[in-house]
Student: 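The structure's right below; bear with me while I get my questions together.
Source: prediction; values computed, not measured. Quick note on labels: first sequence line is chain A, next is B, and so on, each numbered from 1.
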Number of protein chains: 2
Amino acid sequence: MYLCRINKIVIFVCMNSLTEENYLKALYALGNEKGEVNVNDLSRRLEIKMPTVTSMMKKLAAKKLVHYESYKPLRLTEKGRKEAALIIRKHRLTEMFLVEKMGFGWEDVHPIAEQVEHIQSVPFFEKMDQLLGYPKVDPHGSPIPDRNGKVVWKEYQKLSECKVGETVKLSAVINTSEDFLRFLNSREIHLGLKVKIKAIESFDRSMKVSYAKRSDEILSHIVSDRLLVEKI
Amino acid sequence: MYLCRINKIVIFVCMNSLTEENYLKALYALGNEKGEVNVNDLSRRLEIKMPTVTSMMKKLAAKKLVHYESYKPLRLTEKGRKEAALIIRKHRLTEMFLVEKMGFGWEDVHPIAEQVEHIQSVPFFEKMDQLLGYPKVDPHGSPIPDRNGKVVWKEYQKLSECKVGETVKLSAVINTSEDFLRFLNSREIHLGLKVKIKAIESFDRSMKVSYAKRSDEILSHIVSDRLLVEKI
DNA sequence: GTACAAAGTTAGAAGAGTCAAACAAATGTA
DNA sequence: TACATTTGTTTGACTCTTCTAACTTTGTAC
Ligand SMILES: [Mn+2]
Ligand SMILES: [Mn+2]
Ligand SMILES: [Mn+2]
Ligand SMILES: [Mn+2]
C-alpha cells in the first residue's frame with residue numbers, strides 16, 4: 001500500500017508483491033487443473049512449506065483476493081481471479097513476444113516470462129500486444145487473457161482421443177516442459193501442423209501418424225495424450 | 001547464496017538481490033558523477049535513510065563488492081564495479097531495445113529499464129544486443145558497457161562550450177529527465193542532429209542556433225549546458 | 001467407533017530490508 | 001581552540017517471507 005500523487009490528487013495504490021503474484025498465479029493454475037485447491041497442493045507447486053502458505057492465504061484473504069476458511073479448500077475471489085489472469089496475460093504475451101519478435105524457441109521462453117510477468121508497466125505490455133497483432137494464444141497454444149482478465153478456452157480434443165483416418169490440426173500442448181518441447185522439436189512437430197492418423201496400436205495405444213514430409217511416425221500414448229488438436 | 005546443480009556438479013552461485021543491485025548501480029553512477037561517494041550521497045540518491053545505507057555497505061563489503069571503512073568515502077571494488085557495469089549494460093540495452101524495436105520515445109524508457117535490468121537471463125540480453133546490431137550507446141548517448149563491464153567514454157564537449165560559427169553533431173544528453181527530453185522533443189532536437197552556432201548572447205549565455213529546418217532557435221544556457229556534441 | 005495417517009494450523013525463530021532515536025565523529029566557523 | 005552543524009554509526013524495532021517443531025483437525029481403515 002503506497003501513496004501515489006498525480007497532479008495533487010493522492011490515491012492509495014495497493015500493488016501486490018512479486019511473492020503475492022506468484023501465489024495468485026499458482027492458485028489460478030491449480031484451480032484450472034484440478035478444481036479444488038488445498039494448502040498442500042499450493043505448497044508442493046510453489047515449493048514453499050505449508051505453514052508459510054497458510055499465512056499467505058490469510059494475508060491474501062485480508063486483501064480480498066482469496067476466500068479462506070480453516071481446513072477448507074482455497075478459492076480465489078473474483079478480484080483474485082482477475083489479478084491472476086492479468087499476470088498470466090503478461091506471462092503469455094511475453095512468451096509470444098520472445099518467440100515471434102526475438103527468435104527464441106518455445107522451449108526456452110518460460111523462465112524468462114516468469115520474471116518479465118512481474119514488470120509493472122501498462123504501456124510495455126500494450127506495446128507488445130500491439131506489435132504482435134493482438135494474439136489470442138501463446139506459443140504453446142494457451143489462451144492469452146484479455147485486458148479485463150477474461151479467458152476464452154477453445155474446445156480442443158486430445159490427439160490420443162482421435163480415431164484412425166482423421167486429419168487434425170495441432171493447436172496446443174498440455175505439457176510445456178522443456179524436455180517435452182525439445183522432443184517435439186526433434187520430430188519437427190509444431191503448432192499448426194496437420195496430422196493424419198494412420199493407425200492405432202491397441203496394445204500400447206501408440207499412434208502411427210503422418211505429417212509434413214514425415215509418414216509413418218510413431219507417437220507413444222504419453223505423447224499423443226499431451227497434444228491438443230482441432231478437427232479440420 | 002544458493003546451490004546450482006549442473007550435471008551433478010554442484011556450484012555455489014551468489015546472485016545479488018534486486019536491492020543490492022540498485023545500491024551497486026547508484027554507487028557506480030555517483031562515483032562517475034562526483035568522484036568521492038559518501039553514505040549521505042547514496043542515501044539521498046536512493047531515498048533510503050543513512051543507517052540503512054551503512055548496514056548495506058557492510059553487507060556489500062562482506063561480499064567483496066565495496067571497500068568500506070567507517071567515516072571514509074565509499075569505494076566499489078573491481079568486482080563491484082564490474083557487477084554494476086553489467087547491470088548498467090542490461091539497463092542501456094533495454095532502453096535501446098525499447099526505442100529501436102518497440103517504438104517507445106527516449107523520454108519513456110527509463111522506468112521500464114529500471115525494472116528489466118534486474119532480469120536474470122544471459123540469452124535474453126544477448127538476443128537484444130544481437131537484434132540491435134551490438135550498439136555502442138543507449139538512446140541518450142550514454143555508452144553501453146561490454147560483456148566484461150568495460151566502458152568506453154567518447155570525448156564529447158558541452159554545446160555550451162562551443163564557439164560561434166562552429167557546426168557540431170549532437171551526441172548525448174547529460175540530463176535524461178522526462179521533462180528535459182520532452183522539451184527537446186518539442187524543439188525537434190534529437191541525437192545525431194547537426195547544429196550550427198550562429199550567435200551567443202554574452203548577457204545570459206543563451207545561444208542562437210540553426211538545425212534541420214529551424215533557423216534562429218534560441219537555446220538557454222541551462223539547455224546548451226546539458227547537451228554533449230562532437231565537432232564535425 | 002477407534003486409531004492412524006495425512007493435511008492443516010499455531011507458535012516461535014530467522015534473514016532481508018527498512019526506519020527512528022540516540023549517540024559519536026568529523027568538519028567548519030567564530 | 002571551542003562550539004555548532006553535518007555526517008555517520010549503533011541500537012532497537014518493524015514488516016515481509018520463510019522455516020521447523022509441535023499441535024489439531026480431518027478422513028480412512030479396520
Ligand atoms: Mn509459461
Ligand atoms: Mn513469476
Ligand atoms: Mn536510464
Ligand atoms: Mn533498478
Student: Would you say a side-chain N or O of B:T52 is under 4.0 Å from OP1 or OP2 of C:dC19?
Tutor: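 True: B:T52 side-chain N/O within range (under 4.0 Å) of C:dC19 OP1/OP2.
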Student: Got a sec? Which of residues 24-37 of chain A come in under 4.0 Å of DNA chain D, heavy atoms?
Tutor: none
Student: What is the separation between atom CG on B:N38 and atom P on D:dG8, rounded to the nearest whole Å?
Tutor: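 The answer, rounded to whole Å, is 5 Å.
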Student: Identify the pairs formed between an N or O of the protein and an N or O of nucleotides 22-26 of chain C at a distance under 3.5 Å, and give each distance.
Tutor:
residue, atom, partner, partner atom, Å
C:dA25, O4', B:Y71, OH, 3.3

Student: Scan for side chain to side chain donor-acceptor pair (under 3.5 Å) pairs involving residues 23-33 of chain A, sequence neighbours excluded, and state none if there are none.
Tutor: A:K25-A:E114, A:K25-A:E117, A:E33-A:R45
Student: Grab the CE-P distance between A:M50 and D:dT25 for me, whole Å please.
Tutor: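 Atom-to-atom, A:M50 to D:dT25, this comes out as 15 Å.
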Student: Name the nucleic acid region contacted by A:K58, choosing base, sugar-phosphate or nothing; use a 4.0 angstrom heavy-atom cut-off, strictly under.
Tutor: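 Sugar-phosphate contact only.
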Student: Rounded to whole angstroms, how far apart are CG on B:L74 and P on D:dG8?
Tutor: 8 Å
Student: Please output the side-chain donor-acceptor pairs of residues 66-76 of chain A that fall under 3.5 Å, not counting sequence neighbours, one pair per line with the distance.
Tutor:
none

Student: Return the value, rounded to whole Å, for the distance between atom CG of A:L46 and atom P of D:dT18.
Tutor: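 These atoms are roughly 8 Å apart.
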Student: How close or far is atom C1' of C:dA16 from atom CG of B:L60, stated in whole angstroms?
Tutor: 13 Å
Student: Taking all non-hydrogen atoms of both residues into account, name the closest pair between A:F97 and A:L132 and its distance.
Tutor: N-CD1, 3.7 Å
Student: Parallel, tilted or perpendicular: which describes the rings of B:W153 and B:Y156, with under 30° parallel and over 60° perpendicular?
Tutor: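 Answer is perpendicular, since the angle exceeds 60°.
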Student: D:dT6 phosphate, OP1 or OP2: any side-chain N/O from B:N40 under 4.0 angstrom?
Tutor: no
Student: Which of these nucleotides, C:dT18, C:dG8, D:dT9, is closest to any side-chain atom of B:S55?
Tutor: C:dT18
Student: Counting side-chain heavy atoms from CB outward, which of C:dG8, D:dG8, D:dT18 is closest to A:I48?
Tutor: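 Closest of the options to the side chain of A:I48: D:dT18.
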Student: Rounded off to whole Å, could you give me the CE-to-P distance for the A:M56 and D:dT15 pair?
Tutor: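 To the nearest whole Å, that distance equals 15 Å.
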Student: Please tabulate, one pair per line, all N/O donor-acceptor pairs under 3.5 Å involving side-chain atoms of residues 137-145 of chain A, not counting sequence neighbours.
Tutor:
residue, atom, partner, partner atom, Å
A:D138, OD1, A:H140, N, 2.7
A:D138, OD1, A:G141, N, 3.1
A:D138, OD1, A:S142, N, 3.1
A:H140, ND1, A:E95, OE1, 3.2
A:H140, NE2, A:W106, O, 2.9

Student: Partners of B:E155 by side chain to side chain contact (heavy atoms under 4.5 Å, CB included), sequence neighbours excluded?
Tutor: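 With sequence neighbours excluded, B:E155 shows a side chain to side chain contact (heavy atoms under 4.5 Å, CB included) to no residue whatsoever.
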Student: Using salt bridge (charged side-chain N to carboxylate O under 4.0 Å, His left out) as the criterion, list what pairs up with A:E83, not counting sequence neighbours.
Tutor: none
Student: Rounding to an integer number of Å, can you tell me how far B:M57 CE sits from D:dT7 C1'?
Tutor: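 Those two atoms, CE and C1', are 15 Å apart.
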Student: Starting at CG of B:L18 and ending at C1' of C:dT18, how long is that distance when rounded to a whole Å?
Tutor: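 Between C1' of C:dT18 and CG of B:L18: 15 Å.
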Student: Just grab all the salt bridge (Lys or Arg N to Asp or Glu O under 4.0 Å) pairs involving residues 102-111 of chain B, residues at least two apart or on different chains.
Tutor: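 Passing the test, one end in residues 102-111 of chain B: B:E107-B:R182, B:D108-B:R182.
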Student: Does A:K49 place a side-chain N or O at less than 4.0 Å from the phosphate oxygens OP1/OP2 of C:dG8?
Tutor: no
Student: What residues form a salt bridge (charged side-chain N to carboxylate O under 4.0 Å, His left out) with B:D129, not counting sequence neighbours?
Tutor: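 Checked B:D129 against salt bridge (charged side-chain N to carboxylate O under 4.0 Å, His left out); matches are B:R89, B:R147.
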